[in-house]
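Remember, it's a predicted structure, so these values are computed and weren't measured experimentally.
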Amino acid sequence: TGLPLIVSDTLTDPRFGESGDILVGMSTRSMLVVPIHSPTGAIIGALQAFSPVSGFFGPAEQKVGVSIAQMFGVAFELCELSASRVSMAQRGIPIEQSKAQAFHSLCENVSDVLECERCCIFTVDAATNVLLYWTFDDVIAYSIDQGLAGLCAATNEAIRLDYAHLDPNFDEMIDNQFDTPVRSIMVVPLRDYKGELVGIIEAQNKRKGVFSRRDQASLQALSQQLGQIVSNTIVFASMQELVKGHSKVTEISRKIAIETNSADLVSVASEEVGQLVYAANSSVFLVDRENKQMWTMTGHGDDRQEIRLPISTDTVAGFVCTTGQAINLEDATTDPRFSKAFEGAIGSCSVACVPLEDDIGEVLGVIEVLNRQEGPFSTFTDGDIKILRAMAVPLAAAIKRSFLFRRTLKTVRMIKYFQSLSMNLRLEDAQKAISAAVIESLQCDRCSTCEIVVQIYYP
C-alpha cells in the first residue's frame with residue numbers, strides 16, 4: 001500500500017507471518033513497518049521495528065520511523081548510483097565527482113571521437129524551463145528557447161550546420177562558450193533510458209572540413225548512452241546534496257536538543273536552519289494560541305527582540321500555520337499572502353515555509369526561509385523542502401520539550417511557594433490557589449481540588 005503500519009499485537013493479526021515478518025530465533029508482539037521510498041517515489045523496501053522497550057509503538061515512533069526511512073531511501077539510491085558509476089568507469093567511461101568535471105571529461109572524449117575542436121553539454125531543468133551550463137566555478141542558466149541549443153530542446157531534433165553564424169537561430173551568448181569563433185556545429189538532444197530529454201550536446205568546429213552525415217549518425221548513436229550518464233550524474237549530485245543536508249540536520253538537532261528556553265531555541269534554530277538550504281534569511285515562528293499570535297526572535301545578544309504577527313491566512317507563515325500545508329513560492333511578491341511588513345523586510349522574492357508539527361499533528365509553529373543564494377536558481381527546490389521537513393521533526397520535538405520544561409518549572413516553583421504559605425491560608429483560599437496552579441501547569445480550563453489534596457496541607 002505504500003503506507004506505514006503499526007501492529008499492536010502480532011499474535012492476533014492474520015497478516016503476520018513467522019517466516020516473512022521476523023528473523024529466526026526472535027519473538028515479538030508489537031511491530032512498526034514503514035515503506036522505504038526512493039527520491040523519485042518508488043517503493044524500494046521496508047523498515048521493520050520490533051517490540052519497543054515502552055511496550056507499544058505509537059504515532060511518535062511512526063513519525064521517527066518515516067524520517068529514518070526517507071534517509072535510507074536516499075542512501076540506498078546513492079549506493080546504486082555509486083555502483084553504476086564504478087561500472088561505467090570500468091568500461092572506460094569517465095565519471096567524476098562534480099557535474100562540471102563529469103561533463104568536461106565526456107566532452108573531451110566525444111571531441112576525440114568526432115575529430116572536432118570542442119564540445120559542450122547543457123542540462124535541461126524541466127521544473128524551471130531553463131538550460132544549464134556547468135563551469136568549474138559557476139552554473140549559467142539560459143532560457144530553454146535560446147539559440148541553437150534551445151531550438152534543439154524545443155524540437156527534439158538534431159541540427160547540423162556548415163556555417164553556424166549564418167543561421168538566424170545561432171546565439172553567440174549560449175552557442176559559443178569559448179573564446180574562438182564557431183564555424184561548423186552539430187547539436188543533438190540527450191535522452192535517458194525513459195526517453196526523457198535531460199540535456200543537449202553541441203559539437204563545434206570539425207578539425208578538417210565540416211561535419212558529415214556520418215558524424216551526425218555517430219553522435220546520435222552515442223546520445224542515449226551520453227544521456228544516461230548525464231542523468232546519473234545529475235541524480236548522483238542531487239543525492240549527495242540530500243545526504244549533506246541530512247548530515248547538517250543531525251548537527252543542528254544536537255545544538256537545539258540542549259536548549260530548554262523557548263526564546264533561545266528560536267534564536268538558535270532561526271540562525272542555523274537557513275544554512276541548510278542556502279537562504280539569505282530564515283525564521284522559526286512559534287504559536288502563541290492564548291493571544292492568537294506567532295512570534296520569533298531577531299538579532300543577537302542585547303539587540304535581540306521579539307517580533308509578533310497574527311495567526312491568519314493573510315500571511316505566508318500564518319497560512320502554513322493555519323492549514324499545515326507547506327508553501328514554496330518562486331516570486332512571493334506576486335502572492336497576496338506575502339506580507340512586506342513581516343516577511344519582506346529584506347526585499348525577498350522566493351519564499352519556502354513548512355509547518356512544525358508534534359507527534360499528534362498539532363502545529364507548533366513554522367520554518368520560513370527567504371531568497372535562495374547559491375546555485376543556478378534563486379528559488380527553493382523540492383529537495384530544499386524535503387530537507388526543511390526533515391529538520392522540522394527534531395525541531396518540533398525540541399520545542400515541545402521546552403514547553404514541558406517550562407510548565408514543569410512553573411509547577412515546582414508554585415508547589416514550593418504554596419508549601420511555604422499554606423499554613424497561613426484559609427482552607428478556601430488554599431483550594432483556589434491550588435486550582436490556579438494546576439490550571440496554569442496543565443493548561444486546562446478548570447480544576448477542582450479534592451479533599452485528599454487539601455489534607456496534604458491541612459492534615
Side-chain angles (χ1 to χ4, degrees), residues 3-4 6 58-68 70 249 252-253 256-257 259-274 276-277 279 281-298 306-329 332 335-339 341-343 351-370 380 382 384-407 442-445:
L3 300 173
I6 293 178
E61 289 81 8
Q62 177 178 311
K63 198 162 189 176
V64 173
V66 169
S67 179
I68 294 172
Q70 288 175 348
V249 167
I252 296 173
S253 298
I256 62 177
E259 297 291 345
T260 55
N261 180 277
S262 297
D264 293 339
L265 177 59
V266 168
S267 295
V268 172
S270 295
E271 184 176 344
E272 297 285 347
V273 166
L276 290 172
V277 292
N281 194 17
S282 59
S283 299
V284 173
F285 287 91
L286 298 190
V287 174
D288 180 355
R289 299 198 184 280
E290 184 178 350
N291 296 308
K292 297 181 179 180
Q293 292 179 328
M294 306 173 66
W295 63 274
T296 187
M297 303 297 295
T298 61
E306 183 182 279
I307 294 179
R308 287 181 171 265
L309 67 154
I311 299 177
S312 137
T313 55
D314 294 338
T315 63
V316 173
F319 180 88
V320 173
C321 181
T322 303
T323 64
Q325 300 174 4
I327 286 180
N328 187 8
L329 300 176
D335 193 292
R337 295 168 297 189
F338 180 71
S339 171
F342 295 112
E343 297 160 316
V351 175
C353 190
V354 300
L356 294 169
E357 297 177 323
D358 63 10
D359 52 355
I360 60 174
E362 181 182 1
V363 177
L364 305 177
V366 300
I367 300 174
E368 187 177 51
V369 291
L370 302 90
F380 296 101
D382 291 341
D384 294 332
I385 298 298
K386 290 179 181 178
I387 291 175
L388 290 177
R389 285 188 180 278
M391 184 70 250
V393 176
L395 181 53
I399 290 168
K400 196 154 189 177
R401 278 198 304 273
S402 72
F403 288 168
L404 293 174
F405 181 82
R406 185 177 60 189
R407 290 180 187 176
L442 301 182
Q443 299 291 296
C444 55
D445 294 329

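Interatomic distance, CZ of Phe285 versus CD1 of Ile307, reported as 7.0 Å (0.5 Å rounding). Atom CE of Met297 is separated from atom CG of Leu265 by 11.5 Å, given to the nearest 0.5 angstrom. One finds the CG atom of Leu388 at 10.5 Å from the CG atom of Leu395 (value rounded to the nearest 0.5 Å). If you take CD on Glu357 and SG on Cys321, they are separated by 10.0 Å, rounding to the nearest 0.5 Å. The CD1 atom of Ile387 sits 11.5 Å away from atom CD1 of Ile367, with the distance rounded to the nearest 0.5 Å. Rounded to the nearest 0.5 Å, atoms NZ (Lys292) and OG (Ser312) are 12.0 Å apart.
Closest of all the heavy-atom pairs between Val284 and Val266 is O-CG1, 3.3 Å. Taking each heavy atom of Val273 and Ser282 in turn, the nearest pair found is C-OG, 4.3 Å. When all heavy atoms of Pro355 and Gly324 are compared, the pair lying nearest together is CG-O, 3.4 Å.
Considering only heavy atoms from C-beta on, Leu364 stays 4.5 Å or farther from Val287 through its side chain. Contact check for Arg308 versus Asp288: side-chain heavy atoms found under the 4.5 Å cut-off.
Applying the 6.0 Å contact sphere to CG of Asn291 captures more than 12 heavy atoms from other residues, nucleotides or ligands.
For the pair Ser283 (side chain) and Ser270 (backbone), a donor-acceptor distance under 3.5 Å is absent. Panel note: side chain Lys63, backbone Asp358; a donor-acceptor pair is recorded below 3.5 Å. Within the 3.5 Å criterion, the main-chain N or O of Arg337 finds no donor-acceptor partner in the side chain of Thr315. Of the possible donor and acceptor atoms, one in the side chain of Asn328 sits under 3.5 Å from a partner among the backbone N and O of Phe380. Glu61 contributes a side-chain N or O that, together with a main-chain N or O of Gly58, makes up a donor-acceptor pair within less than 3.5 Å.
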| What's the verdict on side chain to side chain contact (heavy atoms under 4.5 Å, CB included) for Glu362 and Arg289, showing C-alpha distance, side-chain angles and the deciding distance? | CA-CA 12 Å; Glu362 181 182 1; Arg289 299 198 184 280; 3.3 Å; yes
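Of the options Val366, Val363, Ile399, a side-chain contact (heavy atoms from CB on, under 4.5 Å) to Leu356 is made by Ile399 and by none of the others.
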